[in-house]
Enquirer: 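Encoded as C-alpha cells, here's the structure I'll be asking about.
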Amino acid sequence: MKKTLYLKFLLAYGIFGIFGLVILATFVPSMTREHLIREKADSLYSEATLIANTYARNLYNSEISLEAVKDQLDALAVYLESSIQIINPSGRLILDTDTPIDVENEVIIEKFDSTIAGSSYYVIDDFFDFYPQDVLSVIAPITANYMVKGYVVIHTDMVSIDESLSSLLNISYITLIILFLLSLIILIFFTEIVYMPLRKITYATEQYATGNMHYEFSVDSEDEIGYLAACLSYMASEIARSEDDQKKFVANVSHDFRSPLTSIQGYLEAMLDGTIPPELHEKYLNIVLTETQRLTKLTNSLLTLNNLNTKGMLLDITDFDINQVIRSTAASFEGTCLKKSIAIELILTDEVMYVKADMSKIQQVLYNLIDNAIKFSHHNSVIKVETTEKKNKIFVSVKDTGIGIPKEDLKLIWDRFYKSDLSRGKDKKGTGLGLSITKEIIHSHNEHINVISTPGEGSEFIFSLPRSEENDEDD
Ligand code: ADP
C-alpha cells in the first residue's frame, strides 16, 4: 500500500490516542489512589491527634465519663464516615463507636502493636484480624504526664476511597475522549491546509513529469504551500513557453533554410537538364550565389546567437573610442551607400569618446543598425549616426528617413526571425536575427536599446554604453 502523508498522520493520531489511554489506564489510577489515601489519612490523623489531646486525655485523667466521650465520638464517627476506637497499650478496646459500651465483656485485640504503621502514620490492612476486610487505620497516641496512656485509632473502609477513585477516573476518561475529539479539529485543519494542497501539487508534479507542461492548477492559500504551488506553476509555464519558443525557433530555422535550398536545387537542376540555356547560366548562377550567401549569413547569425546564449555572453570589456568605431563601421558601408546614393552623416560629441564595452560586439551592433538603416532607406537619403553624453552614459543613435516600422511591429522586431511585412519586399536577404542579436549584446552589457519609428518617415535606434574614465584622464 502506498504510504501517504495522510495515513502517516492518521497513524500518529491513533498512536497518540492509544498512548493516552494506556497511560490513563496504568499510571493514573495508582497515582490517584495513593493521593486519595494520603489525603484521607492526613485528615483522619489530624482528627485522631485532636481526639487524643482532648476527649481521650480527659478520659484517662478521669475528667469526663466514658459514656460522654462515646457520645461525642459517635457523632464524630458518623461525620467522618469512620469508626473511632480508644485502645490501651495492652490491646484492650476501651471504646469503639461501632459497638455499645460493654464493661462486662472485655475485647482484647490480640497482637496489638502501636508501631504497626512503621515510619508512616497510616496502615491499610485488616487491623490485627479485627476486620474481615482491609481498612485504612491511623493511630495517635494519648499522652498524659509524659506517658502513653493509650491510642486513638480511626478506621475507614476503602470502599469510599475506591468510589472517589472511580468517579475521578471517569472524569479523566471523559476528558481524554473530549480531548481526542477536539484534536480531530487538528486533523481537519491538516487535511484542508496541508494535505489537500499537497495532493494538488503532487498531482501537478506528476503531470509535469510526464511532459504535460500546460497542466494548470492553483492553491488558494497565502502560506508557504501556496507559494510553493505558485512557484511550481510558474516554473511549468516558463518551461512550456521555452518549449514553444524552441519549437517555433526550429520551425523558423528549417523554413529559412529550406527556401534558399529549394531555389538553389531548382536552378541547378534546370541548368543541368537544359531547361535554362547555357547563355542564361551566368544570371542564374548569380542568383544561386546570392542564395548561398544568404545561407552563410543565416548560419553565422545562428552561431552568434547560440554563443550569446550558451556562454552567458563572455564579454571582452576594454576602453575604446566609440567615435573611431562608428567612423570605421560607417566607412565599410561606402560601397552600398554609393549604390543607393545614401549619405551617412556623423554627429559625434568630441574628437574621441571612450566607452567601456566589448569592442567587437559593439561593432557588430553598429553594423546591424547601419545595415538595417541603409536597407530600409530610400535612394538619395541621409542616415545620421549621433553620439551624446549624459550622466556617465554615451548614447548612440542611428537614424534613417526610410520606410519606418508600423506601431504593432515595434515590439516584435526584437524577436528572432521577425521580419515585418513592409520589409519583405525591400530586403530579401534578411534573416530576422540581426536585431535580436543586437538586443542580446546590449543587454549583456547591462545597457538598453530603444526604437522610435513612424511608418513612412523613418526610424531611430538608440542604445546606451557606459562612459569610460579614460575621458577624464585625458582632460
Ligand atoms: P534582418 O536581418 O531581417 O534585417 P533584423 O532583426 O535586423 O532582421 O530586423 C527585423 C525587422 O525589423 C526587419 O525585417 C524590419 O522589418 C524591421 N527593421 C529593422 N530595422 C529597421 C529600420 N531601420 N527601418 C525599418 N524597419 C526596420
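Whatever order the structure lists ligands and atoms in, that order sets their numbers, starting from 1. One is the number of the first residue; the rest follow in order along the sequence.
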Enquirer: Atom OG1 of Thr387 and atom CZ of Phe395: how far apart are they, to the nearest 0.5 Å?
Expert: 11.5 Å
Enquirer: Between the side chains of Thr349 and Glu389, is a donor N or O closer than 3.5 angstrom to an acceptor N or O?
Expert: no
Enquirer: Can you tell me how far apart CG (Leu184) and CZ (Phe189) are? Round to the nearest 0.5 Å.
Expert: 13.0 Å
Enquirer: Answer yes or no: does an N/O atom from Asn372 fall short of 3.5 Å to an N/O atom of ligand 1?
Expert: yes
Enquirer: Have a look at ligand 1 and work out which part of Asp400, if any, has a heavy atom under 4.0 Å from it: side chain, backbone, both or neither.
Expert: side chain
Enquirer: If you measure every N/O of Gly434 against every N/O of ligand 1, is any gap under 3.5 Å?
Expert: yes
Enquirer: Pull out every atom of ligand 1 sitting under 4.0 Å from any heavy atom of Ser459, numbered as shown with elements.
Expert: 22 (C), 24 (N), 25 (C)
Enquirer: Cut-off 3.5 Å, side chains only: do Ser464 and His448 have a donor facing an acceptor?
Expert: no
Enquirer: Report, in ascending order of atom number, the atoms of ligand 1 lying under 4.0 Å from any heavy atom of Ile405.
Expert: 25 (C), 26 (N), 27 (C)
Enquirer: When you check the side-chain N and O atoms of Gln363 and Tyr367, is any donor under 3.5 Å from an acceptor?
Expert: no
Enquirer: Checking side-chain polar atoms at under 3.5 Å, does Tyr122 have a donor or acceptor matched by the opposite partner on Asp42?
Expert: no
Enquirer: Pull out every atom of ligand 1 sitting under 4.0 Å from any heavy atom of Leu433, numbered as shown with elements.
Expert: 6 (O), 8 (O)
Enquirer: Do Gly432 and ligand 1 have an N or O pair less than 3.5 Å apart?
Expert: yes
Enquirer: Are any of the N/O atoms in Lys375 less than 3.5 Å from those in ligand 1?
Expert: yes
Enquirer: Is Phe461 in polar range of ligand 1, meaning some N or O pair under 3.5 Å apart?
Expert: no
Enquirer: With distance as the sole criterion, is a donor-acceptor pair present between the side chains of Ser183 and Tyr13 under 3.5 Å?
Expert: yes
Enquirer: So how far is it from Thr438 OG1 to Phe461 CZ, rounded to the nearest 0.5 Å?
Expert: 8.5 Å
Enquirer: Specify side chain, backbone, both or neither for Leu435, according to which of its non-hydrogen atoms lie closer than 4.0 Å to ligand 1.
Expert: both
Enquirer: Which atoms from ligand 1 have a heavy atom of Tyr418 less than 4.0 Å away?
Expert: 10 (C), 11 (C), 14 (O)
